[in-house]
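One-based numbering along the sequence shown. Small disclaimer: the values here were computed from a predicted structure and weren't measured.
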Amino acid sequence: MPQKHRSKRLTLKAVAAVAEVAVTTVSKALADDPKIAKATRERVQKIAFELGYVPDRAAQRLRTGKTKVISLVLEPHDELLGFSNSLIYGLTEALEDSGYHLVVTPHFAGGKGVSAVEHIVQNHLADGIIITRTSPTDERIRYLMEQGFPFVSHGRTNFGTPHSFVDFDNERFAELAVERLASKGAKKLCMILPPDFLTFHQHLMTGTIRAANKHGLEYVFAKEVTLDSSLNEVNAWAMEMCQKPDRPDAYVFVGEASYFAALNAFRKCGLARSKHFEVVVKRNSELIHQIDEGVDVVFEDIQMAGEKMGDFILHQLKNPTDLPLQFIDTP
């Protein structure tokens, strides 16, 4: 169907004229109002799409009080390669055809500051918020629960009041990794943990200690670096580990980035995987197999997590009185 005068915004009235229905019918059909017959809704939606109709978001907001925006408060973090892209892709997939748009709000406060979510809520910039990298008593989540504002977190908290979240079972991941290393004859293992203000710090520690004690393995946690350390810092740490006479013979890496930095150091010191040490790495991308073919990995599906969080926030917006939806991905 020809689209003339593209510079001028197409109105509901224009769609109604082509569809030969009332403007109110077009409005309700585009909102998928069940009071309008399904056949009419589908016909109007098809005509609007062919005409290139785009809702006037400012007018929508004035009329409904809704922004039709979901805000992802994202703290850039490269431990799992492609984390941000995978998360955004999954969220976008879930929001497709929902009428909601995703807006990414960068946040650099180490996951502890509440200012980013306060700004969104107080200025009515979104109808719902997605949060990453949670802490046990996350100030952002406390604030959102107090405000009664729809949100979903990637990660759990220790709050007594339930809230919607999607998480990966890092405790089980640690157990599986230790079990695998024990089966390969490891005697002493090491793990680089996330900063202790993040919830999954404790999950990883708990799983590692339980499994190591069960299999009689000695274990150490890196003190000089965390998952938030730079790659150069991890590389320097690994170089030092190479020089120790009692160095570990096994490692658990919670992401590809720290493993690549450490692997570079190990290779420079003449140490080879399967000969001098064993590893298990949590991955999100396929890149690891291109760099170290055959390494033991556990997959964390970040795209799936994004899709789940998108589904959960949409459900919450449509059904605000329902109990919070929660999901833990078990490796």
*Say you draw a straight line from OG1 of Thr199 to CZ of Phe165; how long is it, rounded to the nearest 0.5 Å?*
10.5 Å
*Is the Phe151-Phe149 ring centre distance short of 6.0 angstrom?*
no
_Could you report the tightest heavy-atom contact between Leu231 and Ser258, atom names first, then the distance?_
CD2-N, 4.5 Å
*Would you name the heavy atoms of Ala265 and Cys242 that are closest together and state the gap between them?*
O-SG, 4.1 Å
*asked:* Filter on salt bridge (charged side-chain N to carboxylate O under 4.0 Å, His left out), then keep only pairs touching residues 185-208, sequence neighbours left out; what's left?
replied: Lys188-Glu218, Lys188-Asp246
*Using a distance-only test with no angle check, is there a side-chain donor-acceptor pair under 3.5 angstrom linking His276 and Asp249?*
no
*Answer yes or no: is there a side-chain heavy-atom contact under 4.5 Å between Leu176 and Arg172?*
yes
*So do His289 and Val297 actually touch side chain to side chain, heavy atoms under 4.5 Å?*
yes
*Hydrophobic cluster identity match, Leu287 and Val280, side-chain contacts under 4.5 Å*: yes
*If you look at every heavy atom in Glu75 and Arg133, which pair is closest and at what distance?*
OE2-NH1, 3.2 Å
*Which of these passes side chain to side chain donor-acceptor pair (under 3.5 Å) with Asp167: Arg156, Lys308, Gln326, His154?*
Arg156
*Answer yes or no: is there a side-chain heavy-atom contact under 4.5 Å between Lys282 and Glu79?*
no
*According to the salt bridge (charged side-chain N to carboxylate O under 4.0 Å, His left out) rule, which pairs have a member within residues 197-211, sequence neighbours left out?*
Glu171-Arg210, Glu175-Arg210
_If I take atom CZ from residue Arg283 and atom CD1 from residue Ile288, how far apart are they, to the nearest 0.5 angstrom?_
8.0 Å
*Checking side chain to side chain contact (heavy atoms under 4.5 Å, CB included) against Leu72, which of Thr92, Thr105, Ile88, Ile129 comes through?*
Ile88
*Distance-only, no hydrogens or angles: does the His201 side chain make a donor-acceptor pair with backbone N or O of Pro194 under 3.5 Å?*
yes
_Go through it in stages, so that I can follow the logic: the residues are Leu227 and Leu193, the test is side-chain contact (heavy atoms from CB on, under 4.5 Å), and I'd like the CA-CA distance, side-chain angles, deciding distance and then a yes or no._
CA-CA 6 Å; Leu227 293 185; Leu193 290 167; 6.0 Å; no
*Mind running ring pair (Phe, Tyr, Trp, His ring centres under 6.0 Å) on Phe266 and Tyr251 for me, showing each step along the way?*
CA-CA 12 Å; Phe266 294 155; Tyr251 296 85; 5.1 Å; yes
_Heavy-atom pair of closest approach, residues Gly310 and Leu91_ = N-CD2, 3.6 Å
*Contact summary for Ile291 and Arg267, nearest pair of heavy atoms*: O-NH2, 3.5 Å
*Verify, without hydrogens or angle tests, whether Thr25 (side chain) and Val21 (backbone) share a donor-acceptor contact under 3.5 angstrom.*
no
_Test: Asp127 and Lys68 ion pair at under 4.0 Å_ = no
*So how far is it from His119 NE2 to Ser71 OG, rounded to the nearest 0.5 Å?*
9.5 Å
*asked:* Side-chain heavy atoms nearer than 4.5 Å, only ILVMFWY residues, links allowed to pass through others: does that put Val44 and Ile36 together?
replied: no
*Hey, does Pro331 have a side-chain heavy atom less than 4.5 Å from the side chain of Asp169?*
yes
*Does the side chain of Glu93 come within less than 4.5 Å of Tyr89's, by heavy atoms?*
yes
_Working for side-chain contact (heavy atoms from CB on, under 4.5 Å), residues Asn264 and Lys268_ = CA-CA 6 Å; Asn264 183 37; Lys268 286 181 179 179; 3.6 Å; yes
_If hydrophobic clusters are built by linking Ile, Leu, Val, Met, Phe, Trp and Tyr wherever their side-chain heavy atoms come under 4.5 Å apart, do Met239 and Met191 end up in the same one?_
no
*Hey, does Val234 have a side-chain heavy atom less than 4.5 Å from the side chain of Phe260?*
no
*How many angstroms lie between OG1 in Thr161 and CZ in Arg142, if you round to the nearest 0.5 Å?*
10.0 Å
*Approximate separation, where rounding is to 0.5 Å, of Glu300 CD and Asn170 CG*: 6.0 Å
*asked:* Before you tell me yes or no, could you show the steps for Leu87 and Leu74 under side-chain contact (heavy atoms from CB on, under 4.5 Å), namely the whole-Å CA-CA distance, both residues' side-chain angles and the distance that decides it to 0.1 Å?
replied: CA-CA 10 Å; Leu87 192 66; Leu74 184 64; 4.2 Å; yes
*asked:* Using salt bridge (charged side-chain N to carboxylate O under 4.0 Å, His left out), reason through Glu50 and Lys46 one step at a time and then give a plain yes or no.
replied: CA-CA 6 Å; Glu50 290 175 343; Lys46 182 175 184 291; 2.6 Å; yes
*asked:* Side-chain heavy atoms nearer than 4.5 Å, only ILVMFWY residues, links allowed to pass through others: does that put Ile70 and Val104 together?
replied: yes
*Minimal non-hydrogen separation, Gln316 against Ser164, with atom names*: NE2-CB, 3.8 Å
*Check whether any side-chain N or O of Gln45 sits under 3.5 Å from a backbone N or O of Ala29 as a donor-acceptor pair, and report yes or no.*
yes
*Could you walk me through whether Thr67 and Leu125 pass the side-chain contact (heavy atoms from CB on, under 4.5 Å) check?*
CA-CA 7 Å; Thr67 65; Leu125 301 179; 6.0 Å; no
*Side chain to side chain, Asp329 and Phe299, heavy atoms closer than 4.5 Å*: no
_Just so I know, are the side chains of Val117 and Val73 near enough to count as touching, which here means a heavy-atom distance under 4.5 Å?_
yes
*Once you round to the nearest 0.5 Å, how far does CG of Leu198 lie from NE2 of His203?*
11.0 Å
_Evaluate Glu278 against Lys184 for salt bridge (charged side-chain N to carboxylate O under 4.0 Å, His left out), listing each step before the verdict._
CA-CA 8 Å; Glu278 295 288 351; Lys184 289 191 164 187; 3.5 Å; yes
*So if you build clusters from Ile, Leu, Val, Met, Phe, Trp, Tyr with side-chain heavy-atom gaps below 4.5 Å, do Val220 and Leu204 land together?*
no
*For the residue pair Glu179 and Ser183, confirm or rule out a side-chain donor-acceptor distance under 3.5 Å.*
no
_When you measure from the side chain of Asp292 to the backbone of Val295, do you find a donor-acceptor pair of N or O atoms at a distance under 3.5 Å?_
no
*Donor-acceptor pair between Asn213 and Tyr219 side chains, under 3.5 angstrom*: no
